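The first residue of the sequence shown is numbered 1, and numbering continues consecutively from there. Fair warning: this is a prediction, and the values are worked out from it, not measured in the lab.
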Amino acid sequence: MSSTNQTMIEGFRLKGLSDVPELQLFIFLLVFLIYFICLGGNLTIVLLVSVDRHLHTPMYFFLSNLSAIDIFSTTTVLHRNLIIYVTQNRVVSTSACLTQLYMFTALATNELSILVAMSYDRYVAICRPLHYCTIMSRNLCALLASVSWGLGFILAIPTLVIISKFTCYISKEIDHYFCDILPIQDITCSDTTALDRYILVLGSMDMIISLSLTITPYFFIISCILRIQTSAGRHKAFYTCSSHIIVVVMLYSSIVLQYMVTVCGSNMGSNKFFSLFNTAIAPMMNPLIYSLKNKDVKSVLRRKLKLE
């Protein structure tokens, strides 16, 4: 690499979802609408679980944690895009870029971890119902939530340290709508061997371990459900897990598809679409999935709105 195309930079330029001038207003309105719905839906879940004693159970405790993670992750990614479209300034400082990358990486791991805790909660509720309150104590729930939150912020530190040591770039333009690992890796001329290895390790932990810990309880759950003699009982047991199953399938499917797109070397447009789904659309849909399929949440919401 010749020294003429290597640059030491103090900031980056985010290309965004698109740099076509005619699409800027549409993109701004789309991003704003998604963010508004996501923030409103998840904040509603957090507030309902906080203020209503009927929702002071482990299942809703973990649901409120998932909603909080979605609020933080969506804000981390989308707020910069809204600022860009309002100010027309696509430049982001190196420190702000690294902060966004760290927060997004940490919160992505946190979300996978909290889904593991929710899966274990459903296992205890269905397979050990008589001991549910004893097993899923306040202390255990607090421990599972603390581990889920802390794990992501710890595992994201090496990524931040490695990328912060990159000393040169072939371009200052990041072909993405936020500071993500792979788009930054594409424009650096520093040695990325350490980053490649850690991404492999972190990816394995996030995908293989988290997915295994999430789906393993469902083997026992399915076995318990099949032993229930009445169809009404089987339906009720499965219904309590359906929202969690939908969210898990939706999230992991999009992650796998995005990984396949990256490995196959597809264009950045496809990668941006799956990133947008993971960072904005999925968090927007989560509260809708849980509220629309959950009688308790709908009942509390109607009561708070005095519709009953």
Side-chain angles (χ1 to χ4, degrees), residues 9 11-43 69-109 111 156 159 163 169-188 199 247 250-288:
I9 55 178
F12 300 95
R13 182 181 183 275
L14 293 174
K15 189 173 183 179
L17 288 168
S18 173
D19 54 1
V20 178
E22 292 79 9
L23 294 178
Q24 297 310 300
L25 179 59
F26 171 76
I27 292 175
F28 170 77
L29 294 176
L30 177 64
V31 171
F32 179 80
L33 180 63
I34 291 175
Y35 180 61
F36 179 80
I37 296 174
C38 178
L39 187 63
N42 284 290
L43 190 57
I69 291 171
D70 285 339
I71 290 172
F72 289 129
S73 62
T74 306
T75 300
T76 296
V77 173
L78 295 187
H79 88 282
R80 174 60 60 179
N81 282 267
L82 295 175
I83 293 174
I84 286 174
Y85 294 123
V86 171
T87 63
Q88 294 299 306
N89 182 14
R90 296 178 180 272
V91 177
V92 55
S93 67
T94 302
S95 59
C97 187
L98 291 176
T99 300
Q100 186 182 53
L101 181 146
Y102 172 73
M103 290 296 296
F104 169 72
T105 305
L107 290 166
T109 301
E111 183 158 14
T159 302
I163 294 180
Y169 294 86
I170 58 176
S171 171
K172 69 175 184 178
E173 181 173 82
I174 299 176
D175 190 6
H176 212 6
Y177 62 94
F178 69 100
C179 294
D180 199 4
I181 298 173
L182 293 180
I184 293 179
Q185 189 178 20
D186 288 340
I187 63 173
T188 185
I199 289 176
V247 170
M250 181 176 65
L251 179 61
Y252 278 97
S253 296
S254 62
I255 292 175
V256 170
L257 288 173
Q258 184 175 5
Y259 173 77
M260 292 176 63
V261 166
T262 303
V263 169
C264 294
S266 299
N267 59 53
M268 183 56 68
S270 300
N271 193 21
K272 288 180 184 179
F273 171 78
F274 287 112
S275 293
L276 183 65
F277 185 89
N278 290 331
T279 59
I281 298 177
M284 177 185 70
M285 294 175 64
N286 286 348
L288 298 177

Exercise for the section: Please check if the side chain of Asn286 supplies one atom and the backbone of Val247 the other of a donor-acceptor pair under 3.5 Å. Expected result: no
Problem - Within 6.0 angstrom of Phe32 CZ, more than 12 heavy atoms from elsewhere - result: no
Practice task
Would you check, one step at a time, whether the test side chain to side chain contact (heavy atoms under 4.5 Å, CB included) holds for Ile184 with Ile163?
Solution key: CA-CA 8 Å; Ile184 293 179; Ile163 294 180; 4.1 Å; yes
Practice task
Provide the closest heavy-atom pair for Leu251 versus Ser254 in the form atom of the first, atom of the second, distance.
Solution key: O-OG, 2.7 Å
Practice task
Using side-chain hydrogen bond (donor to acceptor under 3.5 Å, both in side chains) as the criterion, list what pairs up with Thr74, not counting sequence neighbours.
Solution key: none
Problem - Counterpart residues, side-chain hydrogen bond (donor to acceptor under 3.5 Å, both in side chains), relative to Tyr85 (two or more places apart) - result: none
Exercise for the section: Could you pull out the closest heavy-atom pair between Ile69 and Leu107, with the gap in Å? Expected result: CG2-O, 3.6 Å
Handout entry: Minimum heavy-atom distance between Val77 and Gln100, given as atom pair plus value
Key = O-NE2, 3.7 Å
Problem - Closest non-hydrogen atom pair, Pro283 against Asn278 - result: CD-O, 3.4 Å
Fill in the blank from the handout: Interatomic distance, CG@Asp180 vs SG@Cys97, rounded to 0.5 Å, equals 9.5 Å
Exercise for the section: Could you tell me whether the side chain of Pro287 reaches within less than 4.5 Å of the side chain of Asn42, counting heavy atoms only? Expected result: yes
Handout entry: Phe12 side chain near Val91 side chain, heavy-atom distance below 4.5 Å
Key = no
Fill in the blank from the handout: On a heavy-atom basis, the closest approach of Gly16 and Lys272 is O-NZ, 2.7 Å
Fill in the blank from the handout: In this structure, CG of Leu276 is separated from CG of Leu17 (nearest 0.5 Å) by 6.0 Å
Exercise for the section: Using only heavy-atom distances, determine whether the side chains of Ser18 and Tyr177 contain a donor-acceptor pair under 3.5 Å. Expected result: no
Problem - Criterion side chain to side chain contact (heavy atoms under 4.5 Å, CB included) on Cys179 and Leu14, from CA distance to verdict - result: CA-CA 8 Å; Cys179 294; Leu14 293 174; 4.1 Å; yes
Exercise for the section: Could you grab the distance from atom NE2 of His176 to atom CG of Asp186, nearest 0.5 Å is fine? Expected result: 10.0 Å
Practice task
Give a yes or no on whether Phe72 atom CZ has more than 12 heavy-atom contacts from other residues, nucleotides or ligands under 6.0 Å away.
Solution key: no
Handout entry: Test item: Phe28 and Val86 side chains (from C-beta on) under 4.5 Å apart, heavy atoms
Key = yes
Exercise for the section: Go through the structure and list residues passing side-chain contact (heavy atoms from CB on, under 4.5 Å) with Ile37, not counting sequence neighbours. Expected result: Leu33, Met284
Handout entry: Heavy-atom closest pair, residues Thr94 and Gly11
Key = OG1-N, 3.3 Å
Completion exercise
dist Leu98:CG -> Ser93:OG (nearest 0.5 Å) comes out at 8.5 Å
Fill in the blank from the handout: Rounded to the nearest 0.5 angstrom, the CG-CD distance for Leu29 and Gln24 is 11.5 Å
Practice task
Test side chain to side chain contact (heavy atoms under 4.5 Å, CB included) on Gln185 and Ile199 and set out the steps.
Solution key: CA-CA 11 Å; Gln185 189 178 20; Ile199 289 176; 4.1 Å; yes
Problem - CZ-CD1 distance between Arg13 and Ile84, expressed to the nearest 0.5 angstrom - result: 9.0 Å
Practice task
Output, in order, the C-alpha distance, side-chain angles, deciding distance and verdict of side chain to side chain contact (heavy atoms under 4.5 Å, CB included) for Asp70 and Glu111.
Solution key: CA-CA 8 Å; Asp70 285 339; Glu111 183 158 14; 3.1 Å; yes
